[in-house]
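Notes to accompany the following structure.
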There are 2 protein chains.
Amino acid sequence: MERSTRQRQAIRAALREANRPLSPGEILEYARQQVPGLGIATVYRTINALVEEGSVVAVELPGEAARYEMAGKSHHHHFHCTSCGKVFELMGCPGDLSWLVPPGFHAEKHEIVLYGSCPNCPGA
Amino acid sequence: MERSTRQRQAIRAALREANRPLSPGEILEYARQQVPGLGIATVYRTINALVEEGSVVAVELPGEAARYEMAGKSHHHHFHCTSCGKVFELMGCPGDLSWLVPPGFHAEKHEIVLYGSCPNCPGA
DNA sequence: ATAGGTGCAAACAGTTTGCATGTAT
DNA sequence: ATACATGCAAACTGTTTGCACCTAT
C-alpha cells in the first residue's frame with residue numbers, strides 16, 4: 001500500500017462515503033463511477049491490503065458474503081433486519097463470554113448478530 | 001427423500017454420530033467410510049433435502065461455509081477453532097440480548113460465535 | 001528509471017445441475 | 001418395471017494469482 005492511485009482513492013472513497021458495510025461487488029460498482037476500467041481483482045487486492053494495514057475491517061455475517069467498513073470504530077456488533085435486509089451497528093456488548101466455553105477451550109474473540117425488525121419495518 | 005439408500009443412511013449416520021456441526025466435505029469424508037464411491041453431489045443433494053424436510057439444520061457461521069447438524073437440539077451457540085477450523089457446540093447462552101438494540105428495533109433472535117483454540121490445538 | 005500497481009484471463013474452491021446409469025420400491 | 005437416486009463432469013459464483021503493460025514516485 002505504498003502508492004496512491006486513482007483506483008485506490010476511488011475504493012477508499014466508496015468505503016468512506018457509504019454509511020454501511022459494502023461487499024466487494026458493491027465497492028466495484030461504486031468505484032467504477034470514478035474509474036470506469038476498474039477490475040474486480042484490484043478491488044480484492046486493495047481491500048485485502050486495507051484490511052491488512054488495519055484501516056478497513058471485514059464484517060462477516062452468517063450466510064452472507066463478507067462486507068467491509070472503515071476501521072476505527074469501537075468494538076460493536078450488528079443488527080440484521082430480516083425484513084429489509086439492511087445491517088445496522090449496535091453499540092453495546094455483553095462483555096466477556098469466555099465462561100461459555102468448556103475446559104480446554106480458549107476463547108479469544110466473539111461475533112454477535114441480532115436479527116429482527118428495524119424501525120422502518122413494521123413487521124412484527 | 002422417498003427412498004432409503006446406503007448413501008443416505010451413511011450421511012444421516014455421520015450427522016447423527018458427530019457431536020458437532022459438519023461441513024459438506026466432512027460429511028463426505030465420514031460417509032465414505034461406509035460408502036466408498038460416494039460423491040460430493042449426493043452429499044449436497046441429501047443435506048439440502050434433509051434441511052428442507054426439517055430433520056437437519058444449517059449452522060451458518062460468519063465468513064465460513066455452512067455446517068449441518070441434526071435438528072431438535074435446544075438453543076445453543078458454537079465455538080470455532082481458528083487453528084484447526086473445526087466447529088464445536090457450546091451449551092450456555094448469555095440470555096436475552098434485546099437490551100443491545102436501540103429504541104424502535106425489535107430483536108427476535110441472535111447468533112453468537114466464539115473464536116479461539118480447541119483442546120486439540122496448541123494455544124496459538 | 002524502476003518498483004509497485006493494474007487489467008485481463010486463467011486458476012481455484014465450493015456448490016449446483018444435466019445426463020446416462022443404477023437401484024429401491 | 002419404473003420412477004427416484006447416484007456418480008461423473010461440466011457449469012457457476014466468488015475469490016485469488018500469473019503475467020505483461022502501465023504509472024506514481
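Since we're looking at a predicted model, the values are computed, not measured. To find a chain, count down the sequence lines: A is the first, B the second, and so on, and within it residues start at 1.
Note: A:Phe105 and B:Phe88 have perpendicular aromatic rings, judged against thresholds of 30 and 60 degrees for the angle between ring planes.
Looking at the side chain of B:Asn48, the nearest of the listed nucleotides C:dT16, C:dG5, D:dT25 is C:dT16. Of the candidate nucleotides C:dT6, C:dA9, D:dC4, D:dC4 has the atom nearest to the side chain of B:Glu2. Comparing atom distances between the A:Thr5 side chain and each of C:dG5, C:dT17, D:dC4 picks out C:dG5 as nearest. Closest approach to the A:Arg45 side chain among C:dC8, D:dT25, C:dT25 is made by C:dC8 (side chain taken as heavy atoms from C-beta onward). Among the nucleotides C:dG5, C:dT17, C:dT6, the one closest to the side chain of A:Gln7 is C:dT6. Closest approach to the A:Arg3 side chain among C:dT6, D:dG7, C:dG4 is made by C:dG4 (side chain taken as heavy atoms from C-beta onward). Of the candidates D:dT17, C:dT16, C:dT6, C:dT6 carries the atom nearest the A:Thr46 side chain, counting heavy atoms from C-beta on.
Checking side-chain atoms of A:Arg32 against main-chain N and O of A:Leu38 turns up a donor-acceptor pair under 3.5 Å.
The NE2 atom of B:His76 lies 8.5 Å from the CG atom of B:Leu90; values are rounded to the nearest 0.5 Å.
Across all strands, A:Leu38 comes closer than 4.0 Å only to sugar-phosphate atoms, never to a base (heavy-atom distances). Backbone-only engagement by B:Ala65 is indicated by non-hydrogen atom pairs under 4.0 Å involving sugar-phosphate atoms exclusively. Using a 4.0 Å heavy-atom cutoff across all strands shown, A:Gly37 reaches sugar-phosphate atoms only and no base atom.
No side-chain heavy atom of B:Leu50 sits less than 4.5 Å from a side-chain heavy atom of B:Arg8.
Between B:Ile40 atom CD1 and D:dA11 atom P there is a gap of 20 Å when expressed in whole angstrom units.
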